[in-house]
Amino acid sequence: MSDVAIECDLLVVGAGMAGLSAAGWAAERGAKVIVVERAPAMGGSAFLSAGVLWTATAPATMALYGGGDPALGRVIFDTYPDAMRWLRARGIAIGPRMNVLNGYGYQIDIVAHLRGCAALVEAAGGYVIPDTATTALVRDESGAVVGARTSHPDGDVLVRASATILATGGYQASPELRAKFIHPNAADMRLRANPASDGAGLRLGEAAGGEVRGANPGFYGHLVSESPDWGEERLNVMLAQYHSDHALLLNEAGKRFCDETFGDHASTNHTLRQPHARALCFWDARVHAAYATQAVVASTTAEDRMETALRFGGKGVVAPDLETVARFADERGFDGEQSIRTIRAFNEATRTGWETLDPPRMEECEPLDRAPFYALVVHPAITFTYGGLTIDTGAHVLRADGVRVPGLFAAGSDAAGAFGTGYAGGLALAMTFGITAARSAGWT
Ligand SMILES: Cc1cc2nc3c(=O)[nH]c(=O)nc-3n(C[C@H](O)[C@H](O)[C@H](O)COP(=O)(O)OP(=O)(O)OC[C@H]3O[C@@H](n4cnc5c(N)ncnc54)[C@H](O)[C@@H]3O)c2cc1C
């Protein structure tokens, strides 16, 4: 049976932040765009997100805190003002400027932005088609990508396009790829993102000649408490222990293993590499009041994170003294005696010489000595991956020899290298590279 064929200027695979931003940008400039989405509805992880579009304040902060390829980090930094101008010009609601980690940004109406992009696509004669798998990219005799074979419940469709952007959101939903590219412990890591992003973009791009950069094992995620029920979407946010940067993280031997103050997302990467990929998160009454009971961003509700964790099956204790913490730690397979030795040594160092701490602490060095004390077993959960297809600063997919695969682009979490083990905004990464890919495809 021969395929039904349709033609367009731009084919986008994946209707999340990167894909729809690219599609809307190109459509507004006159492109006929087809967006194919594997899930029954568009939005991907972007629709699960808090919509905080933020990034680093300068190229130097991007290099330091993003920690990836400086040239790719620079693309995010340089394109961010264009992204903001475009949102403002379209009347997308934007909140007040806010500081986020080591950068700044704004909470945007992410749903209005992405639905608006879909409307731009349709107004220019294109379509956003859900429930559609992309089975293979199609190449011409010169090796250029000229479209894709897609499969929809109503039948197979060959989409012919001058340019194709892969934007399927990374590979975090694939236990096999997580174990292969990140760490063997990552196979069992909890997913706190859309369940469709299982590496399709990488597979499609690699089959078309692109290089998958497996040497970037970084990922963005958060430490979460245990829960037998992870079905409720909001648990992604509710069980995350964002305040761990003010706490201590102890491994099963009762020892610190990272600079917690670098951020919960960074500690998540370190915790994955600890025995049994878990840690005991310890904090005191001061941290609890100031950080563990406050809203993370304006759209989230303030809640007591220990109370919520325990309500959903987390293993934790609110203790009147450190001896109770030690007993709890022992019961949970951590070295209780060493844990309280570490806590006491930390408190002592904050008074007599914080520079002696090993590992050091870059930021807050206040003692954790006010009862009640809080100890919670935490595990890494993944939001999106940093490895993926090798791209250049124009979002062109590259072969292993550095030559571009003609007609093929990757954006968002399908592209490798913009971040290392740091983090400077997932939505900004996706939107700026979506715009960059559309521009490189000719829609400036
Ligand atoms: C709970 C939560 C909160 C977050 N909060 C923030 C925040 O406030 N700020 C921030 O910067 N980042 C945040 N993020 C991260 C942010 O959402 C992502 O970094 C961003 O959405 C990535 O964009 P993307 O386009 O690469 O992937 P996505 O937005 O996930 O889009 C990928 C799309 O591709 C689709 N797809 C997958 N496979 C295929 C296939 N084979 N064919 C076709 N389509 C496919 C998916 O279904 C999805 O629709 C958050 C994420 C989560 C989960």
Side-chain angles (χ1 to χ4, degrees), residues 6 8-54 79-80 82-95 105-132 134 150 152 159 161 165-170 193-197 201 233-234 236-237 297-300 383-384 411-414 425-439 441 443:
I6 50 176
C8 61
D9 299 311
L10 177 62
L11 168 64
V12 177
V13 185
M17 186 59 166
L20 283 173
S21 297
W25 181 274
E28 198 180 60
R29 286 153 183 79
K32 179 181 174 186
V33 187
I34 304 284
V35 184
V36 289
E37 164 60 50
R38 175 179 164 188
M42 66 178 187
S45 294
F47 269 11
L48 300 175
S49 82
V52 181
L53 187 68
W54 73 278
T79 314
Y80 182 78
D82 299 339
M84 290 308 304
R85 266 193 292 274
W86 187 40
L87 293 168
R88 288 195 181 101
R90 288 163 47 229
I92 304 299
I94 297 171
Y106 308 86
Q107 189 165 33
I108 66 163
D109 185 340
I110 187 86
V111 175
H113 166 54
L114 295 184
R115 291 213 172 119
C117 287
L120 286 169
V121 166
E122 279 157 21
Y127 304 96
V128 179
I129 312 171
D131 265 331
T132 304
T134 301
T150 68
H152 184 268
V159 183
I165 300 176
L166 296 172
T168 70
N194 88 75
S197 296
E233 212 170 70
R234 289 262 313 133
N236 282 326
V237 175
V297 288
S299 66
T300 60
T383 309
F384 69 90
S413 309
D414 276 357
L427 293 173
L429 167 74
M431 186 169 179
T432 57
F433 271 99
I435 291 172
T436 301
R439 281 175 164 161
W443 308 98

Considering all heavy atoms, the nearest [X]-[Y] contact:
X: Y80; Y: A428; value: CD1-CB, 4.2 Å
X: N194; Y: L48; value: N-CD1, 3.6 Å
X: A39; Y: P130; value: O-CB, 3.5 Å
X: R38; Y: A196; value: NH1-O, 3.0 Å
X: A22; Y: I165; value: CB-CD1, 3.7 Å

When rounded to the nearest 0.5 Å, the distance separating CZ of R88 from OH of Y106 is 5.0 Å
Mind checking what makes side-chain contact (heavy atoms from CB on, under 4.5 Å) contact with [X], not counting sequence neighbours?
X: T132; value: V36, I129, T150, H152
X: A26; value: L10, A31, V33, A438, W443
X: A161; value: C8, L11, T164

Under the side-chain hydrogen bond (donor to acceptor under 3.5 Å, both in side chains) rule, collect the residues that match up with D82, sequence neighbours excluded. R85, R439
Residue pairs passing the side-chain hydrogen bond (donor to acceptor under 3.5 Å, both in side chains) test where at least one lies in residues 25-34, sequence neighbours excluded: E28-W86
Determine, step by step, whether F384 and L429 satisfy the side-chain contact (heavy atoms from CB on, under 4.5 Å) criterion, reporting the C-alpha distance in whole Å, the side-chain angles of both residues, the deciding distance to 0.1 Å, and the verdict. CA-CA 11 Å; F384 69 90; L429 167 74; 4.1 Å; yes
Start with the C-alpha gap between S45 and T383, add the side-chain angles, then the distance that decides, and say whether side-chain contact (heavy atoms from CB on, under 4.5 Å) holds. CA-CA 8 Å; S45 294; T383 309; 5.6 Å; no
Donor-acceptor contacts under 3.5 Å from residues 112-124 side chains, at least two apart:
from : atom 1 : to  : atom 2 : distance (Å)
H113 : ND1    : R90 : NH1    : 3.2
H113 : ND1    : R90 : NH2    : 3.3
H113 : NE2    : S21 : OG     : 3.0

Please determine whether side-chain contact (heavy atoms from CB on, under 4.5 Å) holds for the pair L20 and V128, giving the CA-CA distance in whole Å, both sets of side-chain angles, and the decisive distance to 0.1 Å. CA-CA 9 Å; L20 283 173; V128 179; 4.2 Å; yes
Run the side-chain contact (heavy atoms from CB on, under 4.5 Å) test on I34 and V12 for me, step by step, so that the C-alpha distance in whole Å, both residues' side-chain angles and the decisive distance to 0.1 Å come before the verdict. CA-CA 6 Å; I34 304 284; V12 177; over 6 Å; no
Donor-acceptor pair, side chain of D109 and main chain of I92, under 3.5 angstrom: no
